[in-house]
Structures are given as C-alpha cells and as structure tokens.
Amino acid sequence: QVQLVESGGGLVQPGGSLRLSCAASGIIVSINAMGWYRQAPGKERELVVIITNGGTINYADSVKGRFTISRGNDKNTVYLQMNSLKPEDTAVYYCNADVTTYRGGSYRRDYWGQGTQVTVSS
C-alpha cells in the first residue's frame, strides 16, 4: 500500500504565505503524477496543480503566478509554496498521487492524503 502524509496548513493573513508538504511512502514502483487539490465548504474538489513524472506542470488559472509546486530529490515528496494568499484560497488541501504499486503484480491507482486546512483570514 501507499500512504501520503501532508503537513504545513494553518491560518494566515491575506497576502501571506504558506508551504505545504506531501510525502509518499510504501510500495512504490513509480509515481506517475503528484499534485494538490482543494475543497472549499459547499464546493466541489478542484485541481490546484499537478506535476507529472516527466516534469510537466499544470496549474489552475486561479493560482498561476502565486503558487509553485516542486519535488524533493527522491521525487516522492512534493511541496506547494503558496504566496499572495487570498481569502478565496481557504479550503482543505489534499495531496494526490497517481502511483504504480505492486501486490502480486504491478498496478496503477490514485491515492489521497488526509487533507490539511488552509485558512486565509484577517
């Protein structure tokens, strides 16, 4: 199995910054893509940013120029640097990974972290 552990959420004032981390562990053959989604109260979960194994990055228009995703050297960890935060960025942020794992044979599936709350408020 594969586990995703997130950290770094919290309360920040508008215009402030936060950095989220997500570490994947377990039986990992390869991580095909890894990224962040968010869900605000009363809204559907939406993509924030994703990075593929090849390094292609796709940001939601609402965060372009403010958020930056990066990977650790082992490529099993991703970071989300969030700058110029706005109240509308308030949500639970979920790490997601498209992983090829192994149990009797290799297979590919999505994994989710437990979520971390980001609140932007004065």
Side-chain angles (χ1 to χ4, degrees):
Q1 292 298 315
V2 174
Q3 297 80 39
L4 301 181
V5 178
E6 303 147 340
S7 61
L11 172 65
V12 65
Q13 292 187 341
S17 298
L18 281 176
R19 188 182 191 225
L20 306 182
S21 300
C22 175
S25 63
I27 303 173
I28 298 171
V29 175
S30 64
I31 295 181
N32 307 299
M34 204 164 174
W36 296 90
Y37 288 71
R38 67 186 181 186
Q39 188 167 19
K43 295 188 176 181
E44 294 187 352
R45 192 172 296 189
E46 64 176 3
L47 173 69
V48 177
V49 60
I50 191 166
I51 182 168
T52 70
N53 188 39
T56 300
I57 297 173
N58 182 30
Y59 289 100
D61 288 342
S62 59
V63 306
K64 283 180 181 177
R66 301 187 298 120
F67 291 11
T68 303
I69 191 170
S70 60
R71 289 186 296 197
N73 290 334
D74 63 358
K75 297 191 177 180
N76 287 357
T77 303
V78 290
Y79 305 95
L80 182 63
Q81 179 65 42
M82 305 185 292
N83 298 328
S84 303
L85 282 160
K86 305 175 181 180
E88 50 264 43
D89 294 318
T90 296
V92 178
Y93 284 69
Y94 295 92
C95 181
N96 172 266
D98 174 356
V99 178
T100 299
T101 184
Y102 184 91
R103 185 175 183 179
S106 63
Y107 62 96
R108 184 171 174 173
R109 61 159 286 185
D110 259 7
Y111 291 91
W112 293 90
Q114 77 280 5
T116 185
Q117 177 70 47
V118 171
T119 302
V120 185
S121 174
S122 54

Roughly how far, to the nearest 0.5 Å, is [atom2] of [Y] from [atom1] of [X]?
{"X": "Ile51", "Y": "Lys75", "atom1": "CD1", "atom2": "NZ", "result": "8.5 Å"}
{"X": "Ile28", "Y": "Gln1", "atom1": "CD1", "atom2": "CD", "result": "11.5 Å"}
{"X": "Ile57", "Y": "Ser70", "atom1": "CD1", "atom2": "OG", "result": "8.5 Å"}
{"X": "Leu4", "Y": "Thr77", "atom1": "CG", "atom2": "OG1", "result": "10.0 Å"}

Quick one, [X] and [Y] - any side-chain contact, counting heavy atoms below 4.5 Å?
{"X": "Arg38", "Y": "Lys43", "result": "no"}
{"X": "Tyr93", "Y": "Glu6", "result": "no"}
{"X": "Leu85", "Y": "Phe67", "result": "yes"}
{"X": "Gln117", "Y": "Thr90", "result": "yes"}
{"X": "Asn76", "Y": "Ser25", "result": "no"}
{"X": "Val118", "Y": "Met82", "result": "yes"}
{"X": "Val78", "Y": "Trp36", "result": "yes"}

I need the minimum non-hydrogen distance between [X] and [Y], along with the two atoms involved.
{"X": "Ser121", "Y": "Pro14", "answer": "C-CD, 3.6 Å"}
{"X": "Gly55", "Y": "Arg71", "answer": "CA-NH2, 3.9 Å"}
{"X": "Ser84", "Y": "Ser17", "answer": "N-OG, 4.4 Å"}
{"X": "Val48", "Y": "Val63", "answer": "O-CG2, 3.7 Å"}
{"X": "Asp89", "Y": "Arg66", "answer": "OD2-NH1, 2.7 Å"}
{"X": "Ala33", "Y": "Ile50", "answer": "CB-CD1, 3.9 Å"}

Tell me every residue that passes salt bridge (charged side-chain N to carboxylate O under 4.0 Å, His left out) with Arg108, counting only those two or more places apart in sequence or in another chain. Asp98

Apart from Tyr79 itself, members of its ILVMFWY cluster (side-chain separation under 4.5 Å) are none

Step-by-step salt bridge (charged side-chain N to carboxylate O under 4.0 Å, His left out) determination, Asp61 to Lys64: CA-CA 5 Å; Asp61 288 342; Lys64 283 180 181 177; 3.0 Å; yes

Do [X] and [Y] share a hydrophobic cluster, counting only Ile, Leu, Val, Met, Phe, Trp and Tyr and linking them when any side-chain heavy atoms are less than 4.5 Å apart?
{"X": "Val92", "Y": "Trp112", "answer": "yes"}
{"X": "Val99", "Y": "Tyr107", "answer": "yes"}
{"X": "Tyr37", "Y": "Leu80", "answer": "no"}
{"X": "Leu18", "Y": "Tyr94", "answer": "no"}

Looking only at the side chains, is there a donor atom on one of Thr100 and Asn32 sitting less than 3.5 Å from an acceptor on the other? yes

Just by distance, do the side chain of [X] and the backbone of [Y] share a donor-acceptor pair under 3.5 Å?
{"X": "Ser21", "Y": "Ser7", "value": "no"}
{"X": "Tyr59", "Y": "Gly65", "value": "no"}
{"X": "Gln81", "Y": "Arg19", "value": "no"}

Would you say CD of Glu44 has more than 12 non-hydrogen atoms from neighbouring residues, nucleotides or ligands within 6.0 angstrom? no

